[in-house]
Undergrad: 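Take a look at this one; I'll ask things after.
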Amino acid sequence: MALVKELASSYGIKPSYHRITNISLNAIDKEVIICVSSYISKEARDKGCDPIDAIDILVPKEDYEPFLVGDVFKAGYKWLKDNVIGLEDSEDA
């Protein structure tokens, strides 16, 4: 799964394929960190190219609970679409 939407990057390149590459859950502090890696395109990702950018996003403690039920990656993609400006109208891939 991934999200498809052209976004600006810190390198002046506009990646269009954004994939969660790691989700870290800290049960003691009720903390979730989502690592999102961005690629120029799905084709670049499929060819084994490295991401052009990767960022860690800290999820607020009040949004911790949905990550405990079901598929943690589905919860991550839903949270990104619901909470990250620019990804709200991205397409699922």
Side-chain angles (χ1 to χ4, degrees):
M1 187 169 193
L3 299 175
V4 177
K5 175 146 187 211
E6 190 173 274
L7 297 174
S9 75
S10 58
Y11 299 104
I13 301 169
K14 294 185 176 184
S16 64
Y17 190 77
H18 314 279
R19 183 172 169 258
I20 294 175
T21 51
N22 188 45
I23 296 180
S24 174
L25 296 172
N26 179 331
I28 293 170
D29 295 328
K30 295 190 185 228
E31 182 177 89
V32 177
I33 298 173
I34 302 172
C35 180
V36 179
S37 295
S38 297
Y39 300 82
I40 294 294
S41 65
K42 181 181 185 323
E43 294 76 24
R45 160 59 172 94
D46 290 345
K47 288 180 184 177
C49 294
D50 290 329
I52 61 166
D53 214 352
I55 60 167
D56 289 333
I57 300 170
L58 178 62
V59 174
K61 290 180 192 265
E62 59 267 14
D63 292 344
Y64 176 75
E65 295 295 324
F67 289 88
L68 302 178
V69 181
D71 184 328
V72 69
F73 282 89
K74 283 185 183 178
Y77 284 111
K78 180 178 180 346
W79 187 89
L80 290 171
K81 288 180 82 169
D82 290 347
N83 294 281
V84 176
I85 296 171
L87 290 178
E88 63 277 352
D89 59 347
S90 60
E91 297 177 29
D92 294 331

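If you're wondering where the values come from, they're calculated on a predicted model, not measured in any experiment.
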Undergrad: Show the nearest heavy-atom pair for residues S37 and P51, with the distance to one decimal.
TA: CB-CB, 3.8 Å
Undergrad: Shortest non-hydrogen contact from I23 to V72?
TA: CD1-O, 3.4 Å
Undergrad: For K14 and A8, work out which heavy atoms get closest and say how close.
TA: CG-CA, 4.4 Å
Undergrad: Could you grab the distance from atom NZ of K78 to atom CG of N83, nearest 0.5 Å is fine?
TA: 8.5 Å
Undergrad: A side-chain contact here means heavy atoms from C-beta on lying under 4.5 Å apart; do L80 and I20 qualify?
TA: yes
Undergrad: State the OG-CD distance between S90 and E6, to the nearest 0.5 angstrom.
TA: 13.5 Å
Undergrad: Can you check whether V36's main-chain N or O pairs, donor with acceptor, with T21's side chain at less than 3.5 Å?
TA: no
Undergrad: Shortest non-hydrogen contact from S38 to H18?
TA: OG-ND1, 2.8 Å
Undergrad: Any link between L87 and V32 through a network of hydrophobic side chains (Ile, Leu, Val, Met, Phe, Trp, Tyr) touching at under 4.5 Å?
TA: yes
Undergrad: Side chains of I57 and W79: does their closest heavy-atom pair fall under 4.5 Å?
TA: yes
Undergrad: Tell me whether V4 shares a hydrophobic cluster with M1, the cluster being built from Ile, Leu, Val, Met, Phe, Trp, Tyr side chains joined at under 4.5 Å.
TA: no
Undergrad: As an exercise, state the distance from CD1 of I34 to OH of Y77, rounded to the nearest 0.5 Å.
TA: 9.5 Å
Undergrad: Distance from N26 atom CG to I33 atom CD1, nearest 0.5 Å?
TA: 8.0 Å
Undergrad: How far does CG of D63 sit from CD of E31, to the nearest 0.5 angstrom?
TA: 13.0 Å
Undergrad: Can you tell me how far the OH atom of Y39 sits from the CG atom of D53, to the nearest 0.5 Å?
TA: 11.5 Å
Undergrad: If we ignore hydrogens and angles and just use 3.5 Å, is the side chain of K5 paired with the main-chain N or O of G86 as donor and acceptor?
TA: yes
Undergrad: Could you check if a side-chain atom of L3 sits within less than 4.5 angstrom of a side-chain atom of K81, using non-hydrogen atoms only?
TA: yes
Undergrad: With the 4.5 Å side-chain cut-off for hydrophobic clustering, are F73 and L68 part of the same group?
TA: yes
Undergrad: Heavy atoms only: give me the nearest R45-Y17 pair and the separation to one decimal.
TA: CG-CE2, 3.6 Å
Undergrad: What are the two closest heavy atoms between V59 and F67, and how far apart are they?
TA: CG1-CE1, 4.0 Å
Undergrad: Evaluate whether atom CD of E62 has more than 12 neighbouring non-hydrogen atoms of other residues, nucleotides or ligands under 6.0 angstrom away.
TA: yes
